[in-house]
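Below: the structure, in structure tokens.
Bear in mind that the values here come from a model prediction, so they are computed numbers and not experimental data. As a basis for the values below, the full set of heavy atoms in this structure was taken, side chains included, without hydrogen atoms, waters or symmetry mates.
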Amino acid sequence: MSNFQWTCPYCDRDQMVTDSNHHYHFSKLYFGKTDDGDVGISCSAVRCLNETCNEATLVVQYTKAHYRSNCGDWVENEPLQRWRLRPESASIVQPEYIPSPLREDYYESCLIRDKSPKAAATLARRCLQGMIRDFCGISKSRLIDEIKELEKRIEDGKAPKGVEPETLEAIDAVRNIGNIGAHMERDIDLIVDVDPGEAQALIELIEMLFQEWYVARHKREQRLANVKLIAAEKKAVLEAAKLQKTPKEIDHIAGQGEP
């Protein structure tokens with residue numbers, strides 16, 4: 001097996017997968033030819049190398065089987081059906097400073113995307129509305145009205161930091177996909193017809209807004225806090241030097257962030 005780059009779905013850590021943490025097996029099913037021809041089952045498992053994670057990812061596929069004469073054995077061919085067993089969905093782990101109801105709607109939407117795209121899209125639309133209400137402070141009876149208000153605030157320069165015109169363009173792009181545009185006009189708790197591709201578009205929009213709104217704001221706050229801390233420490237050191245304080249006194253002053 002050749003090595004390959006991989007991102008753990010549990011801890012989101014990038015890493016190189018090798019034989020030491022990857023297992024693959026394919027078995028031909030010897031029960032005669034099906035409508036799809038010769039078939040088999042493949043199993044692929046990866047163990048995360050991050051010591052604080054160490055989780056196992058497991059995927060099983062029902063595939064067509066091909067007999068390779070040069071090695072005298074059956075090998076996996078075209079996949080027919082796929083099951084993600086661990087973890088159950090392709091959701092991205094979101095930081096805890098994102099409100100819990102938003103994360104829960106996102107995770108559940110990812111979990112049921114393939115089994116029930118209609119319900120997945122409904123949860124994603126509710127998550128989108130929740131973000132607009134929480135992050136942007138806009139609350140109206142319909143999601144479409146909240147989006148229009150957000151558009152107005154962006155044009156007036158009154159939108160929160162991180163909410164850019166490109167954000168609205170992405171929301172509009174999703175609204176213009178198939179049925180979603182009409183669904184934005186309805187109650188976000190109403191389950192409506194949506195195909196898996198439309199549900200995925202909504203999920204990807206949610207993931208983008210999590211990054212551009214919540215994660216970006218958190219990083220900005222951390223950077224500002226670090227700058228203020230450094231400034232306070234430098235000021236304390238300078239003031240202490242003027243007063244000829246002892247090193248122990250300087251450390252205490254710097255820790256308090258006051259001269």
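Under 3.5 Å, the side chains of S44 and H22 contain a donor-acceptor pair of N or O atoms.
A donor-acceptor distance shorter than 3.5 angstrom exists from the side chain of E198 to the backbone of D195, with no hydrogens or angles considered. Checking side-chain atoms of S116 against main-chain N and O of I112 turns up no donor-acceptor pair under 3.5 Å. Side chain of R113 to backbone of A121: no donor-acceptor contact under 3.5 angstrom is found. Side chain of R68 to main chain of V75: no donor-acceptor pair is present (N/O by atom type, distance under 3.5 Å, no hydrogens or angles). For E51 (side chain) and L49 (main-chain N/O), no donor-acceptor pair under 3.5 Å exists by modelled atom type.
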### Message
Could you go through T63 and N77, starting from their C-alpha distance and side-chain angles, then the distance that decides it, and tell me whether this counts as side chain to side chain donor-acceptor pair (under 3.5 Å)?
### Response
CA-CA 6 Å; T63 77; N77 201 347; over 6 Å; no
#### Entry: CA sep, side-chain torsions, deciding dist, call: Y107, E88, side chain to side chain donor-acceptor pair (under 3.5 Å)
CA-CA 10 Å; Y107 290 139; E88 291 184 285; over 6 Å; no
### Message
Quick one, L128 with L205, criterion side-chain contact (heavy atoms from CB on, under 4.5 Å). Give me CA distance, side-chain angles, the key distance, then yes/no.
### Response
CA-CA 8 Å; L128 175 60; L205 174 62; 4.2 Å; yes
### Message
As a quick check of understanding, evaluate side-chain contact (heavy atoms from CB on, under 4.5 Å) for E204 and Q200, giving each step before the final call.
### Response
CA-CA 6 Å; E204 291 179 1; Q200 180 61 25; 2.9 Å; yes
### Query
After noting the C-alpha distance and the side-chain angles of R13 and T7, does the key distance pass the side-chain contact (heavy atoms from CB on, under 4.5 Å) rule?
CA-CA 5 Å; R13 180 73 63 85; T7 302; over 6 Å; no
#### Entry: side chain to side chain donor-acceptor pair (under 3.5 Å) between E146 and Q129, intermediate numbers included
CA-CA 8 Å; E146 293 169 333; Q129 184 175 55; 2.9 Å; yes
### Message
Before you tell me yes or no, could you show the steps for I147 and E151 under side-chain contact (heavy atoms from CB on, under 4.5 Å), namely the whole-Å CA-CA distance, both residues' side-chain angles and the distance that decides it to 0.1 Å?
### Response
CA-CA 6 Å; I147 292 173; E151 180 180 12; 5.7 Å; no
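Two residues are said to be in side-chain contact when any heavy atoms from C-beta on lie closer than 4.5 Å; D38 and K64 fail this criterion. Under the 4.5 Å side-chain criterion, counting only non-hydrogen atoms from C-beta, E104 is not in contact with E108. Contact annotation: the side chain of V93 never approaches that of C11 to less than 4.5 Å [non-hydrogen atoms, C-beta and beyond]. Using a 4.5 Å heavy-atom threshold, the side chains of Y24 and V59 count as separate. In this structure the side chain of R86 reaches within 4.5 angstrom of the side chain of Y10, judged on heavy atoms. Side-chain contact between V163 and F135 is present, with at least one heavy-atom pair separated by less than 4.5 Å. When side chains are defined from C-beta on, L102 does not count as touching Y106, because their heavy atoms never get closer than 4.5 Å. C110 places a side-chain heavy atom less than 4.5 Å from the side chain of I203.
With hydrophobic clusters built from ILVMFWY side chains whose heavy atoms lie under 4.5 angstrom apart, I230 does not share a cluster with L224. There is no path of hydrophobic side-chain contacts, each under 4.5 Å, that joins F31 to W74. Linking ILVMFWY residues whenever their side-chain heavy atoms come closer than 4.5 Å, directly or via other members, places L143 and I154 in the same cluster. Clustering ILVMFWY residues whenever any of their side-chain heavy atoms sit less than 4.5 angstrom apart, transitively, puts L85 in a cluster other than the one holding L111. Both L58 and I41 belong to a common hydrophobic cluster when Ile, Leu, Val, Met, Phe, Trp and Tyr are linked at side-chain heavy-atom distances under 4.5 angstrom.
The nearest pair of heavy atoms linking R133 to S139 is NE-OG, 3.6 Å. The two atoms that bring G162 and T167 nearest to each other are O-OG1, 4.1 Å, heavy atoms only. Contact record, V174 with A201: CG2-O, 3.9 Å, taken as the closest heavy-atom pair. Here the shortest heavy-atom pairing between P117 and A199 reads O-CB, 3.8 Å. Contact between Q61 and P79 at its shortest, heavy atoms only, is OE1-CB, 3.8 Å. When all heavy atoms are compared, the tightest approach of A124 to I206 is O-CD1, 3.5 Å.
Between Y97 and Y214, the gap from one ring centroid to the other reaches at least 6.0 Å.
Q15 contributes atom CD, which lies 9.5 Å from atom OG1 of T18 (distance to the nearest 0.5 angstrom). Taken to the nearest 0.5 Å, the CD atom of E221 stands 12.0 Å off from the CG atom of N226. Going from atom CZ of R125 over to atom OG of S109 covers 11.0 Å, rounded to the nearest 0.5 Å. In this structure, CE in M131 is found 10.0 Å from CG in D105, a value given to the nearest 0.5 Å. Between the OG atom in S91 and the CD atom in E207 there is a gap of 8.0 Å [rounded to 0.5 Å]. In this structure, OG on S20 lies 6.5 Å from CZ on R47, to the nearest 0.5 angstrom.
A cation-pi geometry, defined here as NZ or CZ lying under 6.0 Å from the six-membered ring centre and within 45° of its normal, does not hold between K28 and F26.
Summarising the local packing, CD of Q222 is surrounded by more than 12 heavy atoms from other residues, nucleotides or ligands at distances under 6.0 Å. Within 6.0 Å of CG on D35 lie no more than 12 heavy atoms contributed by other residues, nucleotides or ligands.
Partners of K152 by side-chain hydrogen bond (donor to acceptor under 3.5 Å, both in side chains), not counting sequence neighbours, listed by chain and number: D156.
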